[in-house]
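The block underneath contains the structure these notes are about, expressed in structure tokens.
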2 protein chains.
Amino acid sequence: MPQIARLTRPSQLSETVSKTIEQWIADGVLAPGVKLPTEKTLSAEFGVSRAVVREAISRLKAEGYVASRQGAGAFVEARPGQASFRLADDVDAADPAAMVHVFELRYIVETAAAALAARRHSAPDLARMREALQRMDQAVAACADGAQADDDFHVAIAAATGNPALQRFIRFMGHQFFDSRVPTWSAQGHAAGRAAAAQAGHQRMFEAIAAGDAAGAREAARQHMVEAARRLGIDTKDWDPAPQAPWEEEALP
Amino acid sequence: MPQIARLTRPSQLSETVSKTIEQWIADGVLAPGVKLPTEKTLSAEFGVSRAVVREAISRLKAEGYVASRQGAGAFVEARPGQASFRLADDVDAADPAAMVHVFELRYIVETAAAALAARRHSAPDLARMREALQRMDQAVAACADGAQADDDFHVAIAAATGNPALQRFIRFMGHQFFDSRVPTWSAQGHAAGRAAAAQAGHQRMFEAIAAGDAAGAREAARQHMVEAARRLGIDTKDWDPAPQAPWEEEALP
DNA sequence: TTATATTTGTCCGTATGTATA
DNA sequence: CTATACATACGGACAAATATA
């Protein structure tokens, strides 16, 4: 029997309350800076206990919608909801258009990260990349699953940029596409040579980064991402990140 | 009296508890699928009431770290925290290192967006940019605050990429730095010519985008972002996104 | 400045529905 | 089927911070 994703029941009082207030904020009923009704009032209006209201407000605080001050009240934040960036929960499902858009965003940051990694990498960074590369080599040789090592390799590059914000964003994006690596590392992927091709791209990226060649690393990453995008059926004609010198145009795929 | 940003105190028991558990998950102490200690146990261990623990878990649920089932317990999600991307809460305050990192991420996506906008823009997109430009022109002429129009201009470029994910991310990043535009559009900024200089950069970006010149738009955006970064005291020496043709090197600042 | 009322923060006890052994 | 464990929810209470008169 296949694994059934457990449905998230909305039948949680505190969640219902928090979503309702969130909607009030989104609709402008509660403008930034405005004071929320008191917990006592809210509990009376919703017909729930004060504990439920407090849990709902905890959610809103965690998501950056409100901030509360003891003795004063809870207030709508100046830029409600802008504290966190959320993608559609189901990138790899249902909505192919959304996947294209998210992948393009991933392409942008991954190519830039490769260039920065070429300039800023340390010895431990290279060792981490090399270790992930070796695990993928083994996976290619054994026709095994190298998806995790694949992910680790990209995260290692991100770490080599020395920019934790960039690193966390790439990790975030990578996890969104973790499932999409299956066609590469599946049995069919090995048979069709997709795993070996991907690994060759990784190798080119690593060599350019290790050599400190920022432009080469960016181009290797670009080719690698374009190939991955095409496996997902994504149009990549607008993806030339660099002002290419004219004579290079023909050399590109 | 200038507007003083109200400090966010971490002295909230439920926040301390949720951050601690979040760290456990990040460190792998609590792996995906693992059951959290019961509320009773947690309240005993932390020395707080169950209400505090419940509020902490509400936060974790809102952020996608855990899911709880009545009668069973709370469990770490399969990809904890990867449902949303969060930056340090105080980008424009306190932590200058974090600001540098976030600004670099912004630089990456803004330059790429300018290039994509040059290729994909529609007539309404151009009209929207032109409108924001005119508002900034008026602000420059009147020594008024053009921060909102500035933000709108960058969002209009993002919209012209036709990529809603990229658009939302740029909007998200822009809001993080909204306060940082003050030195440009303040009275001192006008007097020092910073507003006029920024506006000249906007104009160059617009012209390249309108002409469909992707490389030019990228370079104009790059210069604009580098200038903004330098106003914030950020080192930009690693920021040449493109494999430049050799003869172009000297022409760059 | 002082005093008082309001509001959030925290704690405790209890009851109920659900999951699991 | 029964018993236990657990999350969910309720109510009352006090402390601490804030706002107001």
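Atom set for the values below is all heavy atoms of this structure, side chains included, hydrogens, waters and symmetry mates excluded. So that the names make sense, note that chain A is the first sequence line, chain B the second, and so on, each numbered from 1.
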Donor-acceptor under 3.5 Å (B:R128 side chain, B:A156 main chain): no
Any donor-acceptor N/O pair, A:H190 side chain to A:A195 backbone, under 3.5 Å: no
Could you give the CD-to-P distance, from A:Q12 to D:dC10, as a whole number of Å? 11 Å
Look at B:S14 and C:dG9 and indicate whether a side-chain polar atom (N or O) is within less than 4.0 Å of OP1 or OP2. no
Report, as yes or no, whether the 6.0 Å neighbourhood of atom CD on B:E131 holds more than 12 heavy atoms from other residues, nucleotides or ligands. yes
Would you please name every residue forming a side chain to side chain donor-acceptor pair (under 3.5 Å) with B:Q138, sequence neighbours left out? none
For the pair made of CD in A:E15 and C1' in D:dA7, what is the distance, rounded to whole Å? 15 Å
Could you check how far CG of B:L13 sits from P of C:dG9, rounded to whole Å? 10 Å
All N/O pairs under 3.5 Å across the protein-nucleotides 2-6 of chain D interface:
none

Those residues at least two apart in sequence (or on a different chain) that pass side chain to side chain donor-acceptor pair (under 3.5 Å) with A:D151 are A:R181
By side chain to side chain donor-acceptor pair (under 3.5 Å), which residues pair with A:D125, not counting sequence neighbours? A:S122
Show, in sequence, the C-alpha distance, side-chain angles and deciding distance for A:H101 and B:L166, and conclude whether the side-chain contact (heavy atoms from CB on, under 4.5 Å) test is met. CA-CA 7 Å; A:H101 295 136; B:L166 179 57; over 6 Å; no
Below 4.0 angstrom, which residues in residues 46-55 of chain B have at least one non-hydrogen atom near DNA chain C? B:G47, B:V48, B:S49, B:V52
Tell me, which pairs form a ring-ring contact (aromatic ring centres under 6.0 Å, His included) where one or both residues lie in residues 132-157 of chain B, sequence neighbours left out? B:F153-B:H202, B:H154-B:H202, B:H154-B:H224
